Number of protein chains: 2
Amino acid sequence: MAPFCYDYPHPAVTTDIALFTILEDKLAILLIRRRSPPFQHCWALPGGFVEPDEGLENCALRELAEETGITGVYLEQLYTFGQPDRDPRERIISVAYYALAPADILAPVAGSDAAEVCWFALDALPDLAFDHPDILCLAQQRLRTKLDYSTIAFSLVNETFTLGELQKVYEIIRGEPLDKRNFRKYILSLNLLAESGASQHGCNHRPAKLYRLAQPGTLHYLR
Amino acid sequence: MAPFCYDYPHPAVTTDIALFTILEDKLAILLIRRRSPPFQHCWALPGGFVEPDEGLENCALRELAEETGITGVYLEQLYTFGQPDRDPRERIISVAYYALAPADILAPVAGSDAAEVCWFALDALPDLAFDHPDILCLAQQRLRTKLDYSTIAFSLVNETFTLGELQKVYEIIRGEPLDKRNFRKYILSLNLLAESGASQHGCNHRPAKLYRLAQPGTLHYLR
DNA sequence: CATAATAGTGTATTTTTTACACTTAATTTT
DNA sequence: AAAATTAAGTGTAAAAAATACACTATTATG
């Protein structure tokens, strides 16, 4: 009943995923309610144990899919948390990832290990299990700083988007309003966008041009 | 003879350390020659298995001290490498760190697990064990980018240093010469330095003022 | 047809970054 | 002792980047 034996003690290794989206003009994070102890019924980041033959990133994507039904997100390794006492059961080292996706695609569904799956605005978080508050905090920091020297923000809008939507993303992550003209000048000067040709419709105001990334799916580093 | 048993397979976890210094006006890295298989007699980054009751950072510092005799370096987590086949023995996940120290303090001594310990200039590296070339490459990238928005460079000079020495560090990491006046203007505008009062001596030219960090040991983020 | 809502556009000012050359103080050589 | 060598130390002007700022355009709604 315990057939996996080693000459030296081995820690367990998990991945945890902080998936961000923007919901109702606020940064939000995907949490699951835990089915089993420890921290039973507590909210936690999705995640789970690394399988013997999968890479770490695959593990993160698999756990996210299994627990929440969500696929196709932008994913990046964040930090590895390994304090000896971070899990009451045994030594568990967690490789934390953060992920980004536009809200529209995402309809989370509770999976096998999770009784409930739910978006929470970052300013209205419940108590979290383990050291997940630390992970979340670091993820938010990373998101903020990386905004300035990369194109991660594009992972939070749809495939085609208006400059107004994109500006909103920047404003929400930075927590401050931006000047419209300067923002547009900056974004267009990157030469990463192509006009999709189409425009918005069904909005009760002048329709905005829709843009798309010239090279979709590619993360760019600026400067 | 294999008393550590678990219900599910557990990977082994190690830390590996890429310790940089500047030696003869070049970036150099500390390597050890492996005593035992796999990759016996190969050069590798110092590192080793995480003990059950130590944090990851402690593990990195302990392994560095055990294998090379070096202590008191600046240390920062880099990335976690976990491809299933990165070690031929068993599944081993490595939490990689990078470290910085001025060359003067460092007199590496071979430890128990390492037959030899030696500095190598980055432009004259031997073949490396495992995926250590990947780790090293990522570490160097991180070093370069972090130079621009933090005070890591100060970890590569002595406690007191001249502006010329500091400029050399920036030039070596960036791989290009910098303008002396602009560099000094920039560094002094950070308001992080204090004049030590003393000057260089024993050099065959005008002696430079020696500076120190106003808050030694603190890493600052710029902008 | 008036109102509401967001899209879309350009210029002047300030700040930051860059380019650039000579004098000073110590040691070494002649 | 004078000359040569070596790196230290210093300021200004030009270019580039970032910032501040206000009105017109286009759609839907009442």
Side-chain angles (χ1 to χ4, degrees), chain A residues 22 24-25 104 144-145 147-151 153 157-158 160-212 220-223, chain B residues 22 24-25 144-145 147-151 153 157-158 160-172 174-212 220-223:
Chain A
I22 287 179
E24 294 165 9
D25 286 353
D104 307 43
R144 246 196 295 260
T145 62
L147 196 66
D148 288 334
Y149 66 89
S150 82
T151 55
V157 293
N158 289 314
T160 66
F161 51 88
T162 70
L163 294 182
E165 288 165 0
L166 190 62
Q167 181 174 346
K168 206 65 185 258
V169 170
Y170 275 81
E171 289 176 334
I172 289 167
I173 296 174
R174 299 179 50 144
E176 61 183 12
L178 295 172
D179 179 84
K180 198 200 319 190
R181 281 177 290 193
N182 293 338
F183 178 78
R184 296 163 89 92
K185 215 181 310 175
Y186 167 71
I187 290 292
L188 293 173
S189 77
L190 300 177
N191 286 319
L192 297 171
L193 296 192
E195 296 190 14
S196 81
S199 287
Q200 274 184 315
H201 59 275
C203 49
N204 62 339
H205 54 75
R206 176 173 175 179
K209 281 186 193 170
L210 288 168
Y211 289 84
R212 68 172 72 250
H220 290 269
Y221 289 89
L222 314 176
R223 285 162 208 252
Chain B
I22 287 179
E24 294 165 9
D25 287 353
R144 244 195 297 259
T145 61
L147 196 67
D148 288 334
Y149 64 89
S150 81
T151 54
V157 293
N158 290 314
T160 66
F161 52 88
T162 70
L163 294 182
E165 288 165 358
L166 190 62
Q167 181 174 344
K168 207 66 184 260
V169 169
Y170 275 81
E171 289 177 333
I172 290 168
R174 298 178 51 144
E176 61 182 12
L178 296 171
D179 179 85
K180 199 201 319 191
R181 280 176 291 195
N182 292 338
F183 178 79
R184 298 163 87 93
K185 216 183 307 176
Y186 167 69
I187 291 292
L188 293 173
S189 76
L190 301 177
N191 286 319
L192 297 172
L193 296 192
E195 296 190 13
S196 80
S199 287
Q200 272 184 316
H201 59 276
C203 49
N204 63 338
H205 55 75
R206 176 174 176 178
K209 282 186 191 170
L210 289 168
Y211 290 82
R212 65 173 75 249
H220 290 268
Y221 289 89
L222 314 176
R223 285 162 207 249

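Reminder, nothing fancy here: chain letters follow the sequence lines and each chain counts from 1. Because only heavy atoms are used, hydrogens play no part in the values below, and waters and symmetry mates are left out as well, while side chains stay in. The model shown is predicted, which means the values in this text are computed figures rather than measured ones.
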From C:dA26, C:dT28, D:dT27, pick the nucleotide closest to the side chain of B:Asn204?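 The nucleotide sitting nearest to the side chain is C:dT28.
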> Just wondering, are more than 12 heavy atoms of other shown residues or ligands nearer than 6.0 Å to CD in A:Glu24?
Replying inline: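 For A:Glu24, atom CD is not crowded (no more than 12 foreign heavy atoms under 6.0 Å).
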Would you mind telling me which residue lines up with the more 5' stretch of DNA chain D, B:His205 or B:Arg184, judged by nearest nucleotide?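 Mapping each residue to its closest nucleotide by heavy atoms, the 5'-most match is B:His205.
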**Q.** B:Tyr211 and its side-chain contact (heavy atoms from CB on, under 4.5 Å) partner, picked from B:Leu188, B:Leu192, B:Val157
**A.**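 Testing B:Tyr211 for a side-chain contact (heavy atoms from CB on, under 4.5 Å) against B:Leu188, B:Leu192, B:Val157 leaves exactly one candidate, B:Leu188.
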Between the base of [N] and the side chain of [X], is one N or O donor paired with an acceptor at under 3.5 angstrom?
| X | N | answer |
| --- | --- | --- |
| A:Lys180 | C:dA7 | yes |
| A:Lys185 | C:dT11 | yes |
| A:Arg206 | C:dA4 | no |
| B:Asn182 | C:dA19 | yes |

- Using heavy atoms to find the nearest nucleotide of DNA chain C for B:Cys203 and A:Leu163 separately, return the residue whose nucleotide is more 5′.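 Upstream on the strand: A:Leu163.
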Quiz item: Does a salt bridge link B:Arg174 with B:Asp148, judged by any charged N lying under 4.0 Å from a carboxylate O?
Solution: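 A salt bridge is present here (some side-chain N lies under 4.0 Å from a carboxylate O).
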Practice task
Please step through side chain to side chain contact (heavy atoms under 4.5 Å, CB included) for the pair A:Tyr170 and A:Leu147, ending with a clear verdict.
Solution key: CA-CA 8 Å; A:Tyr170 275 81; A:Leu147 196 66; 3.6 Å; yes
Heavy atoms only: give me the nearest A:Arg223-A:Tyr149 pair and the separation to one decimal.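 Nearest heavy atoms, A:Arg223 then A:Tyr149: NE-CB, 4.5 Å.
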Report task. Calculate the interatomic distance between A:Phe183 atom CZ and D:dA20 atom C1'; express it in whole Å. Result ->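 That distance rounds to 17 Å.
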Please check the phosphate of D:dG9 (OP1 and OP2 only) for any side-chain N or O of B:Arg181 closer than 4.0 Å.
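For D:dG9, OP1/OP2 do not have a side-chain N/O of B:Arg181 under 4.0 Å.
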How bent is the helix from C:dC1-D:dG30 to C:dT30-D:dA1, comparing axes over its five end pairs at each side, to the nearest 10°?
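Here the helix ends are tilted 10° relative to one another.
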